[in-house]
Structure formats: structure tokens, C-alpha cells
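One structure is given here, and the rest of the page talks about it.
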There are 2 protein chains.
Amino acid sequence: MVTITDISRACGVSRATVSKALNGAPDIAPATVERIREQARALGYLPNATARALKVGRSYNIGVLFSDPTGGGISHEFFSTIFENIKTEAERLGYDITFIGKDFGPLSLDFYEHAKYRSCDGVVIASADFSEPAVRRLVESEIPTVTLDYTFEGRTSILSDNVSGMEQLVRFAYENGHRRIAFIHGELTSVTQKRLVSFRRTCASLGIAVPQEYIRQAVYHNPKSSGLETRALLALPERPTCIFFPDDLSFLGGMNELERNGVRIPDDISVAGYDGIPLSQILRPRLTTYRQGAQEMGTEAARLLVEQIEYPDMWLPQQVTVRGELVKGDTIRRIG
Amino acid sequence: MVTITDISRACGVSRATVSKALNGAPDIAPATVERIREQARALGYLPNATARALKVGRSYNIGVLFSDPTGGGISHEFFSTIFENIKTEAERLGYDITFIGKDFGPLSLDFYEHAKYRSCDGVVIASADFSEPAVRRLVESEIPTVTLDYTFEGRTSILSDNVSGMEQLVRFAYENGHRRIAFIHGELTSVTQKRLVSFRRTCASLGIAVPQEYIRQAVYHNPKSSGLETRALLALPERPTCIFFPDDLSFLGGMNELERNGVRIPDDISVAGYDGIPLSQILRPRLTTYRQGAQEMGTEAARLLVEQIEYPDMWLPQQVTVRGELVKGDTIRRIG
DNA sequence: GAAGGTAACGAAATCGATTAAGATTTCCTG
DNA sequence: CAGGAAATCTTAATCGATTTCGTTACCTTC
């Protein structure tokens with residue numbers, strides 16, 4: 001391994017000089033800097049992040065946490081998109097990504113300990129169950145964090161515009177003549193709760209009455225569960241003309257159930273999803289949905305976390321809302 | 001931050017003793033060990049991975065590389081499954097995961113430099129374009145690697161059983177009476193090449209003639225591209241009775257094209273995918289496909305890499321083939 | 001009781017890089 | 001040309017943990 005010591009010997013200067021030259025310190029003669037840079041290149045020198053981290057107390061390493069058991073893992077397109085963008089932005093800023101898991105290693109470290117053990121400069125909490133003590137310990141710790149779709153006192157968070165998104169979907173259905181809209185929502189988390197409230201409020205403000213049976217709860221990100229609720233909706237004496245699903249993936253479960261019953265989309269019933277994952281636009285008919293700004297959420301999360309890390313003094317926690325976009329698709333049909 | 005120095009002061013022993021006690025060295029009195037362990041717990045001590053890495057020359061950190069532009073990224077279910085399992089196994093063994101990207105940071109490090117900069121003990125190359133010089137540089141370097149679905153002289157690799165998988169699919173179609181089987185394959189990489197050869201060989205051994213027009217090339221993991229080839233197949237004077245797609249995701253493109261032309265699956269035509277991603281079994285009809293052992297591939301990759309790292313002497317490169325499983329699904333119909 | 005053995009612990013070097021403080025040389029300027 | 005500022009470079013401590021090689025004290029054993 002080539003170290004600054006090798007360079008210093010090759011150039012006949014001290015290690016300090018090499019370090020400073022490589023880092024652009026102001027008190028090294030330009031000619032010397034050039035000579036050192038040249039040698040570094042010639043020897044194939046690479047700085048050692050570990051050594052630097054130890055000395056300066058900064059690892060240039062940020063942790064990411066994806067651990068929501070309800071499908072909020074990296075295998076979901078929405079989250080993998082977020083992850084990709086966190087990674088891209090972080091790397092652009094010179095930070096590496098380390099995955100933070102729980103029960104890490106033989107010592108079974110929890111999230112906080114894991115992040116600390118790896119000297120993460122900060123952590124992006126992309127999906128997690130905030131009722132879990134281990135998650136709370138991390139978010140309440142001294143480690144800088146950015147939370148996605150969850151606000152926490154004194155912390156920075158990136159929020160998807162769930163209220164506005166749901167409102168747009170409802171209005172879109174309304175404009176297409178729908179007055180009997182059912183909503184299968186996920187278990188009540190802070191996210192699904194917001195969508196539910198927005199759904200109710202928007203319906204009310206449009207003068208749409210929503211019977212109790214039209215509001216159903218399924219398991220978030222779980223097609224099978226949504227399938228069951230869909231069946232229940234079809235059995236109602238007065239069927240809805242439009243069904244909102246908790247998310248795009250869940251819609252697939254509903255879709256199967258509808259097909260099995262010979263109910264065509266959107267001829268016989270209209271549907272909408274939520275998320276706007278790529279898959280939803282590959283299938284035909286293209287799903288009407290609300291595309292969350294996953295790319296921007298990821299990018300912003302990384303950007304704000306790094307900002308917080310690098311300028312801790314002039315830092316104030318903030319809540320950033322990322323706007324998504326209504327994807328009209330073809331599954332909400334004009335009626336009435 | 002609590003360090004061994006704090007513990008040593010609290011216990012009135014030297015730092016060396018603390019280190020040894022915590023690491024189970026044989027020359028510390030049991031009573032002392034107990035006392036030190038107790039204090040460590042009381043003070044909330046956490047070892048500093050960075051410092052340890054610097055001293056012992058091992059970071060307990062492995063890199064993962066997902067960078068195939070042809071859809072081999074983390075957003076694909078097949079690859080995210082692999083990743084999840086690499087991560088789980090690695091963490092169980094006490095290793096962290098760092099994502100290796102190219103053009104890293106302000107210095108624009110390539111893969112090798114990036115891995116070296118982070119002192120990765122090894123790298124799992126999960127998806128990459130091996131014709132890329134940056135990838136070759138890494139795989140030819142002194143850094144231990146495990147390669148997925150690609151063999152490289154002197155390197156360990158985990159291979160999916162592409163030959164056997166494709167053979168099983170062809171035989172399954174044959175047993176269901178199909179004699180006119182078309183195959184849309186991906187661009188020729190080492191993986192798709194194996195499947196193509198196996199397809200041809202199996203067909204030949206079963207006495208199935210495969211006209212030139214039945215073999216078509218599409219872009220791997222790209223639904224749109226497969227849709228176009230599907231259209232071409234439908235236009236043939238003698239349509240195939242069964243179409244094999246490059247992969248499950250690509251099938252979706254074909255599916256749309258078939259539906260648009262009023263061709264029903266599997267009543268009018270049979271189809272098969274490849275990969276066995278969860279999505280393929282959510283949709284109805286369930287896709288006939290070959291499920292690659294993604295979980296096992298990930299687990300094995302991590303396990304073998306760590307083995308290689310920890311016992312470099314008694315190490316010999318090996319090729320492990322992970323068997324998958326035929327998923328019969330409902331899209332190949334009995335005919336004839 | 002002298003020689004040697006062993007158990008338990010400590011001193012100090014080390015990993016690679018950074019950085020405050022100091023040393024040396026160069027260069028002005030009045 | 002003396003005095004001091006400016007430019008340039010070095011010394012040495014430091015980050016936290018590991019590890020080699022002692023050292024000390026206490027036993028054995030003949």
C-alpha cells in the first residue's frame with residue numbers, strides 16, 4: 001500500500017508537507033505541490049479513508065436505514081428509487097453509503113450502536129417502524145439524521161405531499177363523474193393516516209358522501225390483503241364506481257380479484273393506485289396513480305444530511321415537502 | 001465518545017489490558033476481565049471500527065457492486081433479493097456493506113480505487129459490464145472478489161444454473177405439446193448466451209425444429225423492447241404456440257402487445273419468463289418461469305467472500321452453481 | 001535457597017493521515 | 001544592512017485500538 005510516507009521519501013519532504021500539498025494547504029510552494037502531486041500519481045497513491053477518518057473525526061460515510069417490515073424494504077421500487085438517488089447524491093458529495101441493520105454482528109448492535117460503531121457521520125432513515133425502541137434511540141441520539149416521510153421533533157425530514165396527492169386523485173375522480181368512491185387504505189401509520197384524512201376531507205368538500213363500508217383497511221404494500229378488501233367491496237349492495245388502493249403494488253391484488261369476477265378495468269369499475277412506480281406504467285391499462293417524487297426525496301435527503309453534517313452550527317431542522325405528480329393513466333373512466 | 005482509555009482509567013489498568021480483556025486474550029485474570037467488561041457496559045463503550053481497521057488492516061467491510069446498465073440495478077427484484085441476502089449474511093458474520101460506485105466523489109475514483117479507498121476487505125460483484133475496463137481492473141486486482149453469474153480466471157463465482165433452467169423450461173413446454181417455440185433472448189452476455197445455447201440444444205435433442213425467425217433478440221430487462229419482438233412474432237405466417245421471454249419483466253411488454261392484439265394467455269398462446277421474481281406470481285395468470293435461487297446466490301456470495309477474506313491461505317477459487325426451480329404457473333397450456 | 005517457570009499486566013510502537021506550533025529561509029523595506 | 005514580515009517546510013502530538021516484548025511477583029522443585 002502506498003502511503004504519504006512513500007511519497008514524502010520520494011520527494012525528500014516531510015509527511016506533513018505531502019499531506020498539506022495534497023489537501024491544498026496555502027503554505028506550500030506551488031512547485032512543491034506540483035512535484036508531490038506528480039509523485040502521488042506516479043506511485044498510484046490513494047488516500048486512506050480509514051486513517052483520515054480516525055484523525056479528523058469524520059468518516060465521510062453515511063448510513064441508510066431501510067427496515068420497515070411492511071414492505072418498506074429495498075426490494076420495493078419506490079424505496080429502491082429513493083436509495084439509488086441517495087447514493088448518487090451522496091457519492092457526488094464524496095460520501096459513501098453503509099447499510100445500517102439491526103442485530104448487527106456477533107455483538108448484536110442495535111441501529112444506533114451500529115451507526116456509531118461505523119462512525120457514520122449521519123443516517124438517512126428511509127423506512128422504519130418509529131414505534132420500535134431501537135429506531136427511536138437512533139433518532140433521539142446525537143447522530144445527525146434525516147427522516148423520510150416521518151417528522152420528529154428537532155429533526156429534519158423529507159415529506160411526500162400525501163395530502164395534496166390524495167386530494168388531486170379524489171378531484172380527478174370527481175371530475176370524471178365519480179361519486180361513489182371507495183378507499184382501501186393501509187394500516188394507520190403517519191403516512192397512510194394523512195392520505196386517509198385528505199381523502200375524507202376532499203370528499204367532504206366536494207359534497208361526496210362516503211359510506212362507512214367504502215373505507216376499508218388492508219395491509220400496506222400487500223396485494224393479497226387488498227384483494228380481500230376488493231372482494232368485500234364487490235359484494236356490497238351498492239358497489240363503488242371507483243376504488244382507490246393503498247399503493248400501486250396493492251392494486252395488483254385488487255386487479256386479480258376484479259378479473260376473476262369478470263369486472264373489467266376501467267369499463268366496469270375505475271381504480272387508482274398510489275406511488276407511481278415504473279411497473280404501474282408498464283401494465284395495460286396504465287394505472288391512474290400519484291407519482292411520489294422518489295428521486296427528489298432521495299436526492300434531498302442526502303443533500304440535507306450532508307449539509308447538516310458539514311455546517312452543524314448554522315443548521316436548523318427543517319421539513320421539506322417534495323411534490324409529486326398526478327399520473328392520469330387509463331384506469332379512471334369518465335362516467336355519468 | 002467512550003474509548004478504551006476511559007475504561008482503563010476507571011479500572012486502574014492499562015489500555016493494553018482493556019483491549020486484551022475485551023478481546024478475550026488468554027493472559028488476563030478472569031476477575032480483571034469481569035471488572036473491565038462491567039465498566040465497559042456501564043460506560044456504554046463501543047469499539048471504534050475505524051481505529052481497529054487502521055491497526056489490524058482489516059475493515060470488516062465488504063463492497064457490493066451493482067452497475068449493469070441493462071437493468072441489473074438494485075431496483076430489479078432479482079437483484080434486490082440478492083442484495084438483501086448478501087447483506088443479511090454479511091452482517092451475521094460481522095461485516096458491513098458499502099456500495100461501490102464509479103466516478104466516486106470529487107476525485108472520480110473508479111471501482112477499484114473506490115474499494116481500496118474504503119479499505120474494503122473484499123467486493124461482491126453482483127452485476128456489472130465485464131467489458132468495462134473499470135470492472136476488469138477491480139476483478140484483476142489484489143482485492144478478493146466474488147462474482148455473480150460471471151466466471152473469471154482465478155476468481156470465485158456464484159452461478160445460476162442457466163443451462164439446466166432453460167432446459168427444464170423447454171422440456172416443460174414440450175411435455176405440454178408445444179413444438180413451435182419462439183425465444184426472445186437478451187443481448188448476448190455470458191448469461192443470456194448460456195440460455196440461448198441451452199434452448200437450442202434442448203430443442204434439438206427433443207427433435208424440435210426452430211426456424212430462424214423464432215429466435216429474436218431484445219434488450220434484456222426491457223419490456224418495451226420485448227413488446228416489439230412479440231409483435232414481429234405475431235406477424236409471422238406460422239405463429240409460434242409458445243413464446244419464451246428473456247426475463248419476467250420483459251414478459252410484461254410482451255403481455256401488453258398480446259392483449260392489444262386480442263391474443264389471450266394462455267388460451268391463444270403460451271408464454272414463459274425467466275427469473276421467478278415475486279411479481280410474476282402476483283399477476284394472473286401466474287407466469288410460468290424459472291425461479292433463480294437469488295436468496296442462496298446472495299448468501300453464498302457473502303459467505304464465500306468472507307471465507308476467502310478470513311482464510312486467504314487455504315483458499316482456492318471455486319465456482320458454485322446455485323440451482324433454481326421450475327415455476328409451472330399457468331401460462332403454458334397443454335395443446336395438441 | 002537458587003534456578004527456573006508461569007501468570008498477569010504494562011510500556012511503547014504502530015497503523016496512515018492531519019494539524020497546531022515552531023523552525024528556517026527568503027525577501028523586503030526604510 | 002538590520003529588523004521584521006512573509007513564505008515554506010518540519011516536528012511532534014494525536015485519533016483509538018492492537019500487539020510485541022518486557023517486567024514483576026509469585027510459585028515450584030530439587
Side-chain angles (χ1 to χ4, degrees), chain A residues 1-37 39-40 43-61 94 105 107 109 113 115-121 310, chain B residues 1-37 39-40 43-61 94 105 107 113 115-121:
Chain A
M1 176 180 249
V2 182
T3 73
I4 51 167
T5 306
D6 299 317
I7 301 178
S8 75
R9 267 199 283 265
C11 290
V13 297
S14 75
R15 286 151 55 210
T17 305
V18 175
S19 174
K20 289 200 265 189
L22 260 25
N23 291 311
D27 65 341
I28 306 293
T32 312
V33 170
E34 192 42 51
R35 198 156 44 94
I36 289 173
R37 289 248 163 88
Q39 270 297 328
L43 295 175
Y45 169 78
L46 272 178
N48 183 315
T50 304
R52 196 215 302 273
L54 180 58
K55 181 60 175 114
V56 306
R58 193 91 88 55
S59 65
Y60 288 93
N61 192 23
L107 292 83
L109 304 182
E113 293 166 339
K116 198 121 203 266
Y117 172 69
R118 273 296 161 190
S119 323
C120 290
D121 294 336
E310 303 195 337
Chain B
M1 178 179 249
V2 182
T3 72
I4 51 168
T5 306
D6 299 318
I7 301 178
S8 76
R9 267 200 283 267
C11 290
V13 296
S14 76
R15 286 151 54 210
T17 304
V18 175
S19 174
K20 289 197 269 189
L22 260 25
N23 291 311
D27 65 341
I28 307 294
T32 312
V33 170
E34 193 40 53
R35 199 155 43 96
I36 289 173
R37 289 248 163 89
Q39 269 297 328
L43 295 174
Y45 170 78
L46 272 177
N48 183 315
T50 304
R52 192 210 310 269
L54 179 58
K55 182 61 174 109
V56 305
R58 193 93 87 54
S59 65
Y60 288 93
N61 193 24
L107 292 84
E113 293 166 339
K116 197 122 203 263
Y117 172 69
R118 274 296 162 191
S119 323
C120 291
D121 293 336

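Letters A, B, ... mirror the listed sequences (proteins, then strands); counts begin at 1. All heavy atoms count here, side chains included; hydrogens, waters and symmetry mates do not.
If you check every strand for non-hydrogen atoms under 4.0 Å, I4(A) touches a base. Across all strands shown, L46(A) has heavy atoms under 4.0 Å from sugar-phosphate atoms exclusively, and none from any base. Residue-level contact check: T3(B) touches the backbone only, with heavy atoms under 4.0 Å from sugar-phosphate atoms and none from bases. Note on V13(B): only backbone sugar-phosphate atoms sit closer than 4.0 angstrom, heavy atoms only; bases stay farther off. At the heavy-atom level, A29(B) lies under 4.0 Å from the strands shown only through sugar-phosphate atoms. Looking at heavy-atom distances under 4.0 Å, T32(B) makes contact with sugar-phosphate atoms alone, never a base. Among the protein residues, D27(A) comes within range of the nucleic acid bases, having at least one heavy atom under 4.0 Å from a base atom.
Between R35(A) atom CZ and dT8(D) atom P the separation is 13 Å, expressed in whole Å. A straight line from CZ of R58(A) to P of dG16(D) spans 16 Å, rounded to a whole angstrom. Rounded to whole Å, atom C1' of dT20(D) lies 14 Å from atom CD1 of I28(B). Atom CE of M1(B) and atom C1' of dT14(D) are 15 Å apart (whole Å). Taking atom CZ on R15(B) and atom C1' on dT14(D), their separation rounds to 11 Å, with Å as the unit. Rounded to an integer number of Å, the gap from Y60(B) OH to dC15(C) C1' is 15 Å.
With N61(B) contributing its side chain and C120(B) its backbone, the two residues share no donor-acceptor pair below 3.5 Å. A donor-acceptor pair under 3.5 Å links the side-chain atoms of S59(B) to the main chain of S119(B), judged by distance alone.
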Compile the donor-acceptor pairs under 3.5 Å between side chains in residues 25-36 of chain B and protein atoms, sequence neighbours left out, one pair per line.
residue : atom : partner : partner atom : Å
D27(B)  : OD2  : K20(B)  : NZ           : 3.3
R35(B)  : NH1  : C11(B)  : O            : 2.8

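Among the nucleotides dC15(C), dA11(C), dT18(C), the one closest to any side-chain atom of L54(B) is dC15(C). Listed candidates were dA11(C), dT18(C), dA8(C). Nearest to the side chain of S14(B) is dA11(C). Taking the side chain of K55(A) as heavy atoms from C-beta on, and the options dA8(C), dT18(D), dT18(C), the nearest nucleotide is dT18(C). For T17(A), the side-chain atoms get nearest to dC9(D) when compared with the rest of dC9(D), dG16(C), dT19(C).
Between N23(B) and the phosphate of dT18(D), there is a side-chain N or O to OP1/OP2 separation shorter than 4.0 Å. In this structure, R52(A) reaches the dT18(C) phosphate: one of its side-chain N or O atoms is under 4.0 Å from OP1 or OP2. Contact annotation: Y117(A) does not reach the phosphate of dG16(D) (side-chain N/O to OP1 or OP2, under 4.0 Å).
How far CG of L109(A) is from CZ of R118(A): 10.0 Å, rounded to the nearest 0.5 Å.
No N or O donor and acceptor, one from the side chain of K20(A) and one from the base of dT8(D), sit under 3.5 Å apart.
Within the 4.5 Å cutoff, the side chain of L107(A) has no heavy atoms near those of the E113(A) side chain.
Heavy-atom minimum distance, R37(B) versus A21(B): NH2-O, 3.1 Å.
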